[in-house]
Every structure is written in C-alpha cells, then in structure tokens.
Protein chains: 2
Amino acid sequence: MDSRDTRTRIVRAAAELLQRQGYEGASVKPIAKAAGASVSSVYHFFPGGKQELAVEALRHGAAEYADLLSEGMAASPDPAEGVAACAHLMVASLKTSSWVDGCPVAVTALETVGRVPGIQQAAEEALAQWQRLVSTAIQRSGVPADTADELASTIISTLEGAELLSRVRQDDLPLRRAATHLSQLVRFAVAEHVP
Amino acid sequence: MDSRDTRTRIVRAAAELLQRQGYEGASVKPIAKAAGASVSSVYHFFPGGKQELAVEALRHGAAEYADLLSEGMAASPDPAEGVAACAHLMVASLKTSSWVDGCPVAVTALETVGRVPGIQQAAEEALAQWQRLVSTAIQRSGVPADTADELASTIISTLEGAELLSRVRQDDLPLRRAATHLSQLVRFAVAEHVP
DNA sequence: GCCCGACTGGATCGAACGTTCCAACCAGGT
DNA sequence: ACCTGGTTGGAACGTTCGATCCAGTCGGGC
C-alpha cells in the first residue's frame with residue numbers, strides 16, 4: 001500500500017521545504033518532486049490545496065520539534081540543565097544541516113500572521129504544545145505551575161530567537177549564550193520556590 | 001524634485017510589505033502601488049531588481065528598529081528597566097498595528113538563509129548593530145564588555161522570539177513575560193559586577 | 001475474469017510572478 | 001525654442017504559480 005506511504009512522504013517533504021523556504025517560497029511542484037510523487041497526488045490527498053498541506057506539514061514538524069524538546073528536558077532531572085540540553089540539541093541539528101534544519105514553524109508562521117488563519121492556528125497550537133512540555137518538566141522540580149508557565153514562555157521565546165540569530169550568523173554562539181542565560185533563570189526560579 | 005522622494009517612498013513601502021509578507025510573498029507590483037510609483041521606477045532606482053530593493057529596505061527597517069531600541073534603553077539609566085522598556089515599546093507598536101508591525105528583518109532573513117547572500121548579510125549587520133546598541137547601554141552600568149555582549153545577544157534573541165510568540169498568539173503576554181525575565185538577568189549581571 | 005474505486009502522470013488552465021522595453025514626459029541649461 | 005537626461009506609464013516578455021482535468025493504471029472484492 002503506497003497510499004499512506006505516499007501521503008506521509010508528501011507531508012515530510014512539505015515540512016522540510018516549508019521550514020527552509022517558507023510558505024510562499026515552497027511551491028507545490030518541487031514539494032511533489034522531493035516526495036517522489038506527482039502533483040495530482042498532492043491534490044488527491046489534500047483537496048484543500050497548498051494551505052491544507054501546509055497545516056499538516058506544520059503539525060508534523062511541530063511533533064518532531066516536541067520530540068527534540070522532550071529529549072532535551074529528559075537529559076537531566078535538573079530543568080536548568082534540561083533547557084541547556086535543548087539548546088545544544090538544536091545546535092547539533094543546525095550544524096549537521098548547514099544551518100538549514102531549524103524550527104519548522106517560525107518562518108511559515110511569521111509570513112502568514114493575520115493572513116492565513118488555518119496556518120496561524122496550527123502554529124499557535126505548536127507553540128502552546130512546546131510550552132506545556134517545558135512547563136511540566138520545570139514543575140517536576142517543585143516550581144508552581146504559573147511560575148513554570150511564565151518561564152516556559154520565555155524559554156520558547158529565547159530558543160526561537162536564538163535560533164534565528166544563529167542561523168543568520170551561521171554561528172552557534174547565540175544559542176550557546178541563550179542556553180547559559182536560560183539555565184540561570186531556571187535555577188533562580190527553582191531556588192526561590194524550593195527551600 | 002520627486003526623485004529622491006520617490007526612491008524613499010519605494011524603500012519604505014518595500015520595508016513595510018517585506019516585514020508583513022516576507023521576501024517571496026511581497027511582490028514588486030504591490031510594492032510599487034503602495035509607494036504610489038510605477039514598476040519602471042522601481043527598476044530605475046534599483047537596477048539589481050527585487051533583491052537590491054530588499055537589501056535596502058532591510059537596512060531602512062533595521063535603522064528604524066534601532067531607533068526603537070535606543071529609545072527604550074534611554075528610558076532609564078538602569079539597563080534592566082531599559083530592556084523592559086524596549087519590550088513594552090514593541091508591545092505598543094504591535095498593538096496599534098494589529099500585530100503586523102514587528103521586526104522588519106526576521107521573516108525575510110529566515111526565509112532566505114543560505115539562499116540569498118545579500119539579504120543574509122544585511123540581516124546579519126542589522127542584528128549586530130542592535131546587539132552593539134544594547135551592549136553599550138549595559139556597559140554604562142559598569143558591566144564588562146564581554147559580559148554585556150553576551151547579555152545583549154540573549155536580549156536580542158529573546159525579544160525576537162517573544163515577538164514571534166506574541167504575533168502568532170495575538171497576545172502581548174509573551175513579550176511582557178520576556179521583559180520581566182530579561183530585567184532579572186540584567187539586574188543579576190549588574191549586581192555581580194558592580195559591588 | 002471483471003469491475004470498481006483509489007491512485008497517478010501529464011497536459012492544461014488563467015493568473016501572477018520578475019523583468020524588460022519603449023514612447024512619452026518634464027525640468028534645466030543653452 | 002530646442003535639446004537633453006533623468007524619470008515615468010503601460011504594454012509585453014517568458015516563466016512559474018496554484019489548481020483542475022482526464023485518461024489511464026492498479027489491486028482487492030465479487
């Protein structure tokens with residue numbers, strides 16, 4: 001059964017091209033070619049066209065990114081070290097891909113804000129999912145939920161922004177510095193709330 | 001003399017559309033129309049075509065953003081409060097524009113990383129300029145240059161990322177939380193280095 | 001063996017893309 | 001009054017965009 005296989009190949013190819021070139025830059029024909037499928041198949045599996053495909057690709061990329069964050073936060077029982085581990089995982093992924101395999105949501109989200117509601121909603125859910133993931137990991141150290149939520153929000157923000165800086169500069173320094181500072185912030189919050 | 005006037009109108013319109021729709025999404029004809037000029041004029045003033053226009057538009061937007069950061073850091077002699085002021089200026093700018101007038105560099109930079117060298121370089125210079133600006137403001141409180149540089153890097157990262165979150169969620173909470181946490185980080189560094 | 005619905009390859013659509021071209025324009029110098 | 005060189009409007013170029021159409025291929029149920 002190629003069917004489910006072809007579908008997921010298309011989603012994967014779309015996710016990859018979307019994160020590299022954005023929504024407008026990634027066109028349907030190259031996506032199909034990268035997936036080893038034909039344009040007809042794309043529109044067969046995604047009758048909603050490019051937009052529907054993009055939403056599903058975003059969800060796919062978001063799940064992969066969530067795995068990376070999970071792995072990072074699981075690297076140590078100390079969430080301060082976990083956050084740093086996330087940043088270092090991102091560095092590794094960026095380096096092995098020549099600074100191309102970054103956050104699968106940022107570009108597409110930014111260029112469609114307020115213009116393609118479906119995509120914006122998918123991006124929103126992705127960010128919320130990541131934030132929940134980080135927040136619960138922090139709460140395991142005794143930090144109250146609201147404080148952990150606030151921290152997680154800034155952690156996601158900083159990781160996103162630091163990845164932007166690192167990609168533009170082709171240099172892992174911004175991400176490594178972000179890792180240090182975020183660890184500091186988390187250590188603070190933990191020290192303050194667990195005596 | 002319309003000449004210089006038309007040119008700057010084109011640059012301004014390009015900067016605006018670039019930040020909202022990205023490099024691929026902002027096409028030449030709408031830019032010209034928004035500037036009240038004709039396509040011929042665009043190619044008259046920018047023989048290098050869309051790419052040359054984008055580079056100049058990026059520089060224009062970067063300077064405006066630098067003004068915002070300057071204003072924020074000048075709001076208080078305490079850099080911790082200055083950083084928070086920057087975030088709140090960004091909130092104000094985003095709110096009055098229905099979450100569309102954000103960082104003029106992020107989208108375009110992300111979608112052209114590794115594919116349009118001129119744009120990538122312009123984005124790199126913009127980020128470096130902002131970082132220098134923040135770093136010197138922090139150094140005025142006695143923080144050594146290398147520590148201030150590291151802080152400034154994370155500050156830019158976090159502001160960029162928080163703006164992404166705020167725009168996607170149409171909610172100023174991520175930026176306001178980032179302001180709090182960044183103030184905390186700066187206060188730390190200052191307290192550590194000035195006895 | 002046949003049929004039917006899922007799937008695919010390739011041609012094709014109108015619209016929009018970036019870019020080019022040229023005739024017209026309009027000021028300033030002579 | 002006339003040229004001249006920077007500037008403009010509008011049509012046109014070939015290409016690519018997202019999307020549609022259709023004739024076919026294919027495998028599983030009858």
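Residue numbers start from 1 in every chain, and the chains themselves are labelled A, B, ... in the order their sequence lines are given, proteins ahead of strands.
For the pair A:Ser27 and D:dC17, the criterion of a side-chain N or O lying under 4.0 Å from OP1 or OP2 is met.
Looking at A:Thr154 and A:Glu150, their side chains never bring a donor and an acceptor atom within 3.5 Å of each other. In this model, no donor atom of one side chain and acceptor atom of the other lie less than 3.5 Å apart for A:Gln184 and A:Thr180.
Using a 4.0 Å heavy-atom distance criterion, A:Ala32 is classed as making no nucleic acid contact. Nucleic acid contact for B:Ser38: base, since at least one base atom lies under 4.0 Å from a heavy atom of the residue.
Whole-Å rounding puts the A:Gln51 CD to D:dC17 C1' distance at 16 Å. Between A:Phe46 atom CZ and D:dG18 atom P the separation is 15 Å, expressed in whole Å. If you measure from atom NZ of A:Lys33 to atom C1' of C:dG9, you get 14 Å, rounded to the nearest angstrom. The separation between A:Tyr43 atom OH and C:dG10 atom P is 18 Å, rounded to whole Å. Rounded to whole Å, the distance from CD1 on B:Ile10 to C1' on D:dT8 is 11 Å. Atoms CD1 (B:Ile31) and C1' (C:dA16) sit 14 Å apart, rounded to a whole Å. The distance between atom CZ of B:Arg7 and atom P of D:dG6, rounded to the nearest whole Å, is 15 Å. Counting to the nearest Å, the P atom of C:dC17 and the CD atom of B:Gln21 are 10 Å from each other.
A salt bridge is absent between A:Arg132 and A:Asp149: the closest approach of a Lys/Arg side-chain nitrogen to an acidic carboxylate oxygen does not fall below 4.0 angstrom. Contact check on A:Glu16 versus A:Arg20 returns a salt bridge, with a Lys/Arg side-chain nitrogen under 4.0 Å from an Asp/Glu carboxylate oxygen. Under a 4.0 Å N-O distance rule, the pair A:Glu124/B:Arg167 does not qualify as a salt bridge.
Residue order along DNA chain D, read from the 5' end via each residue's closest nucleotide, puts A:Lys29 first among A:Lys29 and A:Ser40. Taking the nucleotide of DNA chain D with the nearest heavy atom to each of B:Ser41 and A:Val39, the more 5' of the two is matched to B:Ser41.
Between its two ends, the helix from C:dC3-D:dG28 to C:dT30-D:dA1 turns its axis by 10°, counting five pairs per end and rounding to 10 degrees.
Looking at the side chain of A:Phe45, the nearest of the listed nucleotides D:dT8, C:dC7, D:dT20 is C:dC7. With C:dT8, C:dG9, D:dA19 as the choices, the nucleotide that has an atom nearest any side-chain atom of A:Lys50 turns out to be D:dA19. Counting only heavy atoms from C-beta on, A:His44 has its side chain closest to C:dC7 among C:dT19, D:dT8, C:dC7.
Using a distance-only test at 3.5 Å, with no hydrogens or angles considered, a donor-acceptor pair links the side chain of B:Gln120 to the main chain of A:Val168.
No option in A:Asp5, A:Thr6, A:Ile10 other than A:Asp5 meets the side chain to side chain contact (heavy atoms under 4.5 Å, CB included) test with A:Thr8.
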